[in-house]
Structure formats: C-alpha cells, structure tokens
Amino acid sequence: RFELNSLNSLKRQNTINKNFVEYRYIDLLSLLSSFLLLKFGKSSTRIFYGDVLKLKNPKILENKIKEYDIIQVEWPWQFEHIFNINSNAPIVLNGHNVEYDLIKQTEKGCLSKLVDVVKNKERFAVENAEVVFMVSEEDKKRTHKLYGISKSKIHVVPNGTNVNELVFPNDYKDKLKEIKGFKYKKIVIFTGTGILPNVDAVNEIIKMSKKVGKDVLFLVVGSCGNRF
C-alpha cells in the first residue's frame, strides 16, 4: 500500500523481517519521464537516472543516507549522486554487467559521446567504491583490465535464486503441463532480456537442444526470444 507523501510523490515502507526493512520512494515526475523515455527511446536512457536524481535531489534520500553504516548502490548510474551526499559510509557497488561493453553490444549505432558517458560513469563508480560486486569471473577480469582497479577490490557474487521457495507438487506441475500440451516433456526454462549475452546463451541452448531427446523441451521466456 502506497501513501501519498505530497502532491507529486509516493512512499512505502515494507517490513520483510526483523533485520530487513524496505523503503520505496517514488517521485511521480521521474516515474512518468522514465516511462516515456523507455517507451519512445532506447534502454540506454537508464544511464541518466542519476542525473534525474541530481535534478530532483529528494531530501528523503539524503536524510536516509546519512543514517547508514554501509551503502550498496545497484548499477553505476546513481553512484556519483550517492557519493556526493554520502556521510563517509563505505559504498558497495553491485555491478550487474560491464556496462561499457554492454551498451556497445546492445545499442549499435549509438553516439560515441553516449558511450563515453557510460564509461565515465562506470569508471567513477568502480574507482570510488570500497568494494565492487560482479556476477562472473569474466566480468571481474574485464573490469580490472578496463579501469585498472585492483582485483582484490572486486568480488564475484553469481546470480542465483532460492530454489527452496520454488517447489511445486508434482501433480500441480503435471496438470499445468497437460493444459499447455507438454504432458510428456521434461521442461528446461531460460529467461532473460534481449541483451547480447542472453542472445548468446539462447544460441547455446539451441545447440544443446539438438543433442538431447525429443522428450526434453527448452522454453525461452523474455525479450531475448524475440531475436529468434
């Protein structure tokens, strides 16, 4: 449930457990501009989210940051804004990709100045973070090579999920399979957006699918499937 915080913002507090409280603050103007940029532009518009934060400079964020002992920032886009208002707490950067490489792969034909903006933002983030998390050894090595920061500063935290929370009774799965026409199939699922690493993964899945029996069905879910 969201509470109207002012004429142009919403806030929400969600207590997940005794050690984890989530605060969400949604600025309606930022939400609307993000929606329009993504609808009529490219996904690279996300790189300007930190600039929107700087323009709006929400006091609720500034006040909260001053309370923290450690700050973790997702992606490099908001890092500089958080860094500039930080009260000397160590900042951890959670890097989901090597963003410089990703934009060159996904936004072919984009302006060289835009690529430079991405590289500068990412460089600032990795250089000024106390610790950098990356999702693979490849990304760790690439970040070290691209920006020259120490490998000891970069830690690999692979993507994953808690499969214990995703257990369904066999009869439930069998019923769903029958409804979808997959009754006698063993199903392997891959999900992802249309970025190049995911497209590469689907290409590998296609190769694998030719080497297994017809009782195995690979499902590709998400915009990465649109490339095929």
Is any side-chain heavy atom of [X] closer than 4.5 Å to a side-chain heavy atom of [Y]?
X	Y	result
H155	M134	no
I71	I65	yes
K113	V117	no

Are [Y] and [X] co-members of a hydrophobic cluster defined by side-chain heavy atoms under 4.5 Å apart?
X	Y	value
V73	I85	yes
I205	L219	no
I91	Y68	yes

Kindly list each side-chain donor-acceptor pair under 3.5 angstrom involving residues 178-197, sequence neighbours excluded, with atom names and distances?
{"unit_1": "K185", "atom_1": "NZ", "unit_2": "K214", "atom_2": "O", "d": "2.5"}
{"unit_1": "T191", "atom_1": "OG1", "unit_2": "V221", "atom_2": "O", "d": "3.3"}

* **N88, CG: over 12 other non-hydrogen atoms inside 6.0 angstrom** => no

* To do: Decide side chain to side chain contact (heavy atoms under 4.5 Å, CB included) for K151 and K140; before the verdict, give the C-alpha distance in whole Å, the side-chain angles of both, and the deciding distance to 0.1 Å.
  => CA-CA 7 Å; K151 286 185 179 179; K140 175 180 177 176; 4.1 Å; yes

* Set of residues satisfying salt bridge (Lys or Arg N to Asp or Glu O under 4.0 Å) with respect to E67, sequence neighbours excluded ->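 Checked E67 against salt bridge (Lys or Arg N to Asp or Glu O under 4.0 Å); matches are K64.
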
* With sequence neighbours left out, what residues match K18 under salt bridge (Lys or Arg N to Asp or Glu O under 4.0 Å)? ->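 If we apply the salt bridge (Lys or Arg N to Asp or Glu O under 4.0 Å) test to K18, skipping adjacent residues, there are no hits.
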
Verify, without hydrogens or angle tests, whether [X] (side chain) and [Y] (backbone) share a donor-acceptor contact under 3.5 angstrom.
X	Y	result
K153	E127	yes
D139	V135	no
N97	E99	no

Quick one: side-chain contact (heavy atoms from CB on, under 4.5 Å) partners of [X], sequence neighbours excluded?
X	result
K66	E62, S87
S152	S150
D69	none
R142	V98, Y100, D101, K145, L146

* To do: Would you mind listing the cluster partners of V21? Hydrophobic ones only (ILVMFWY), side-chain contacts under 4.5 Å, chaining allowed.
  =>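 Its cluster mates, by chain and number, are Y23.
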
* Structure fact -> Students should find that the hydrophobic cluster of I70, defined by side-chain heavy atoms under 4.5 Å apart, otherwise consists of V92, V131, F133, V157

Drop me the distance from [X]'s [atom1] to [Y]'s [atom2], to the nearest 0.5 angstrom.
X	Y	atom1	atom2	answer
K210	I206	NZ	CD1	7.0 Å
N84	L53	CG	CG	11.5 Å
N198	N203	CG	CG	11.5 Å
L93	F124	CG	CZ	11.5 Å

* **Partner residues of F228 under the ring pair (Phe, Tyr, Trp, His ring centres under 6.0 Å) criterion, sequence neighbours left out** => none

* **Residue pair N17 / N19: nearest heavy atoms and the distance that separates them** => OD1-N, 2.8 Å

* To do: Begin from the C-alpha positions of V132 and Y147 and carry the test side chain to side chain contact (heavy atoms under 4.5 Å, CB included) through to its verdict.
  => CA-CA 12 Å; V132 178; Y147 298 113; over 6 Å; no

* Between D51 and K121, is a salt bridge (charged side-chain N to carboxylate O under 4.0 Å, His left out) present by the stated rule, with each step listed? -> CA-CA 11 Å; D51 299 282; K121 286 179 180 290; 3.1 Å; yes

Between side-chain atoms of residues 74-83 and protein atoms elsewhere (two or more places apart, or another chain), which donor-acceptor pairs fall under 3.5 Å?
{"unit_1": "E74", "atom_1": "OE1", "unit_2": "N94", "atom_2": "ND2", "d": "2.9"}
{"unit_1": "E74", "atom_1": "OE1", "unit_2": "H96", "atom_2": "NE2", "d": "2.7"}
{"unit_1": "E74", "atom_1": "OE2", "unit_2": "Q72", "atom_2": "NE2", "d": "2.8"}
{"unit_1": "E74", "atom_1": "OE2", "unit_2": "N94", "atom_2": "ND2", "d": "3.3"}

* Asked: Can you pull the salt bridge (Lys or Arg N to Asp or Glu O under 4.0 Å) pairs that have at least one residue in residues 196-205, sequence neighbours excluded?
  ->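 Residue pairs with at least one partner in residues 196-205: E204-K207.
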
